[in-house]
Amino acid sequence: MTSPSLPHSSHARADTVPREAPEDAFRAEDGRFVDRLHAELERFFEGQRDVLGAISADTLPLLEAVAGLSSGGKRLRARLCYWGWRAAGGDPEDPAVVRAGAALELFQSAALIHDDVIDRSDTRRGAPSVHRRFEALHAEHGWSLDGPAFGVAAAILSGDLCLSWSEQLFAGAAAPGAARARAVFDLMRSEVMVGQYLDVQGEVAGAGQDRAGAVQRALDVIRYKSAKYSVEHPVVLGAALAGAPKAVLERCSAFALPLGEAFQLRDDVLGVFGDPATTGKPAGDDLREGKRTVLVGYVRRLGDEAQIARLEAALGQADLGERDVAELRAVITGCGALRATEELIDALTAEAFAALDRLDADPVPLAALRGLAAAAVRRSS
């Protein structure tokens with residue numbers, strides 16, 4: 001039985017498949033999309049500046065915090081959405097996919113703002129996190145009451161505003177598959193919140209949970225907190241928006257979900273072993289925050305009693321110094337947890353690329369998805 005092919009519009013096939021190599025064409029088209037995405041966000045923020053300014057000039061720091069955070073990053077989710085759209089035959093000039101990408105960027109900003117509050121993180125992308133930014137604003141003006149509490153409150157509201165704006169942008173993404181894409185968008189938002197709760201719950205449950213299930217619990221958090229909304233849902237959402245049938249969306253998921261899990265596992269490795277100059281976060285921050293990552297799960301599975309005890313005693317200690325972090329890195333490496341995690345990343349990456357080979361699409365979108373996938377799992381920041 002022949003599997004269903006991706007729908008292609010004759011306009012997209014005739015007008016957008018260039019003569020140069022697919023990899024070169026991907027980079028050029030990807031750059032044009034990112035420029036359009038940036039312009040869309042700029043226009044949106046300018047419109048919201050008028051809305052907030054009409055209420056009170058005192059509210060403009062909310063906009064500035066969101067716009068500042070949203071101006072950085074790799075735009076991975078929006079770009080994956082675009083190339084999912086293009087793989088399903090979507091017109092590269094259609095503004096719907098740009099709006100959908102902008103909605104994903106603002107959803108990401110909301111998640112980062114709230115995540116930094118939950119984790120008590122001081123920095124994000126090499127700059128003060130949003131709650132620290134508002135705490136500094138409090139100090140700058142010499143306002144009364146509790147500066148840190150004000151920073152947290154303002155950050156929560158900034159994140160909520162991001163969620164509202166994300167919904168507003170997505171509602172304006174009119175396309176043939178808007179109804180099916182809406183279902184993906186709604187599911188994504190629910191899964192992220194539930195995944196975030198599982199992460200927080202896992203931290204407080206801590207060492208009291210059984211060792212045998214530690215890796216699987218961490219993988220569940222990765223899947224619902226990050227992998228689905230970072231990679232799977234953006235690709236599927238873009239394809240759905242272009243009108244792809246269910247069978248094609250399933251093939252997109254088969255590629256994007258293991259890729260998303262490998263992406264987050266790489267993030268967890270960088271959270272312990274990454275260079276702060278490239279990650280924008282202090283070395284060992286995940287250890288200070290008490291993250292129950294797959295690395296930690298493997299230590300609990302593979303380590304001896306002394307190694308497990310050393311790690312458990314240190315996890316969640318906010319004052320861990322460089323020497324402490326170096327010792328914990330040695331534990332993670334010495335017991336085989338780092339090697340096991342890298343092997344899992346390799347296995348998931350291979351699964352993703354094998355599924356991508358089964359995706360029937362034009363050469364340029366395939367080259368784009370392959371290039372973005374490689375960059376996601378081989379990155380250093």
Side-chain angles (χ1 to χ4, degrees), residues 36-73 75-78 80-81 95-119 121 124-125 129-135 137 149-175 178-197 200 224-226 228-230 233-234 237-238 240-241:
R36 292 170 64 205
L37 179 72
H38 178 74
E40 178 72 20
L41 286 167
E42 286 292 307
R43 282 193 296 270
F44 183 80
F45 287 138
E46 280 306 306
Q48 293 305 313
R49 182 176 296 277
D50 293 339
V51 173
L52 270 63
I55 297 170
S56 170
D58 289 338
T59 66
L60 292 178
L62 292 169
L63 173 66
E64 290 159 4
V66 171
L69 180 62
S70 300
S71 67
R75 310 295 198 197
L76 178 65
R77 292 157 187 83
L80 286 168
C81 177
V97 71
V98 181
R99 294 192 187 103
L104 287 171
E105 285 296 304
L106 288 184
F107 183 81
Q108 161 73 348
S109 293
L112 294 179
I113 292 168
H114 287 162
D115 202 46
D116 285 343
V117 170
I118 291 169
D119 293 338
S121 296
R124 170 65 64 179
R125 293 173 177 164
S129 51
V130 169
H131 63 285
R132 295 303 185 202
R133 176 173 175 152
F134 278 104
E135 184 180 338
L137 181 67
F150 169 76
V152 167
I156 291 171
L157 294 169
S158 298
D160 290 347
L161 196 56
C162 264
L163 289 173
S164 175
W165 286 344
S166 174
E167 169 62 29
Q168 186 174 334
L169 276 164
F170 189 77
R180 182 167 281 172
R182 161 58 67 182
V184 175
F185 189 71
D186 290 347
L187 178 62
M188 175 191 73
R189 294 186 298 172
S190 295
E191 286 181 342
V192 170
M193 304 308 171
V194 170
Q196 182 69 272
Y197 173 77
V200 173
Y224 292 103
K225 179 187 173 183
S226 179
K228 282 178 164 285
Y229 105 95
S230 293
H233 288 316
L237 191 151
L241 200 63

Please, which pairs that meet side-chain hydrogen bond (donor to acceptor under 3.5 Å, both in side chains) have at least one residue in residues 179-190, sequence neighbours excluded?
Glu167-Arg182, Glu167-Arg189, Arg182-Asp186, Asp186-Arg189

Go through the steps for Val192 and His233 under the test side chain to side chain contact (heavy atoms under 4.5 Å, CB included), then give the verdict.
CA-CA 11 Å; Val192 170; His233 288 316; over 6 Å; no

Side chains of His114 and Gln196, donor plus acceptor under 3.5 Å
no

Could you give me the CA-CA distance, side-chain angles and deciding distance for Leu41 and Leu106, then say whether side chain to side chain contact (heavy atoms under 4.5 Å, CB included) is met?
CA-CA 9 Å; Leu41 286 167; Leu106 288 184; 4.2 Å; yes

Please collect all side-chain hydrogen bond (donor to acceptor under 3.5 Å, both in side chains) contacts where either partner lies in residues 38-55, sequence neighbours excluded, each pair once.
Glu40-Arg43, Gln48-Trp165

When rounded to the nearest 0.5 Å, the distance separating OH of Tyr224 from CD of Glu191 is 6.0 Å

Looking at every heavy atom in both Leu241 and Ala181, which two are closest together, and how far apart are they?
CD1-CB, 3.7 Å

Between CG of Leu157 and SG of Cys162, what distance do you get to the nearest 0.5 Å?
11.5 Å

Search all heavy atoms of Arg132 against all heavy atoms of Ser121 and return the closest pair with its distance.
CG-O, 4.2 Å

Are Arg75 and Glu105 packed together at the side-chain level, in the sense that at least one heavy-atom pair is separated by less than 4.5 angstrom?
yes

Audit row: Leu104, Leu80, side chain to side chain contact (heavy atoms under 4.5 Å, CB included) steps and yes/no
CA-CA 10 Å; Leu104 287 171; Leu80 286 168; over 6 Å; no

In Å, rounded to the nearest 0.5 Å, how long is the span from CG of Leu52 to CZ of Phe45?
11.5 Å

What orientation do Phe170 and Phe185 show, parallel under 30°, tilted 30 to 60°, or perpendicular over 60°?
parallel

Can you name the nearest heavy-atom pair linking Gly101 to Leu37, along with the distance?
C-CD1, 3.6 Å

Let me check something: any side-chain donor-acceptor pairs from residues 64-73 under 3.5 Å, sequence neighbours excluded? List them with distances.
residue	atom	partner	partner atom	Å
Ser70	OG	Val66	O	2.9
Ser70	OG	Ser109	OG	2.8
Ser71	OG	Gly68	O	2.7

If you round to the nearest 0.5 Å, how far is CG of Asp119 from CG of Leu112?
10.5 Å

Nearest heavy-atom approach of Ala155 to Ile113 is O-CG2, 3.1 Å

Main chain of Ala154, side chain of Ser158: is a donor-acceptor contact present, judged purely on distance under 3.5 Å?
yes

Steps toward side chain to side chain contact (heavy atoms under 4.5 Å, CB included) verdict (Gln108, Leu76):
CA-CA 10 Å; Gln108 161 73 348; Leu76 178 65; over 6 Å; no

How far apart are the closest heavy atoms of Asp116 and Ser129, and which atoms are they?
OD2-CB, 3.7 Å

Could you report the tightest heavy-atom contact between Ser230 and Arg77, atom names first, then the distance?
OG-NH2, 2.8 Å

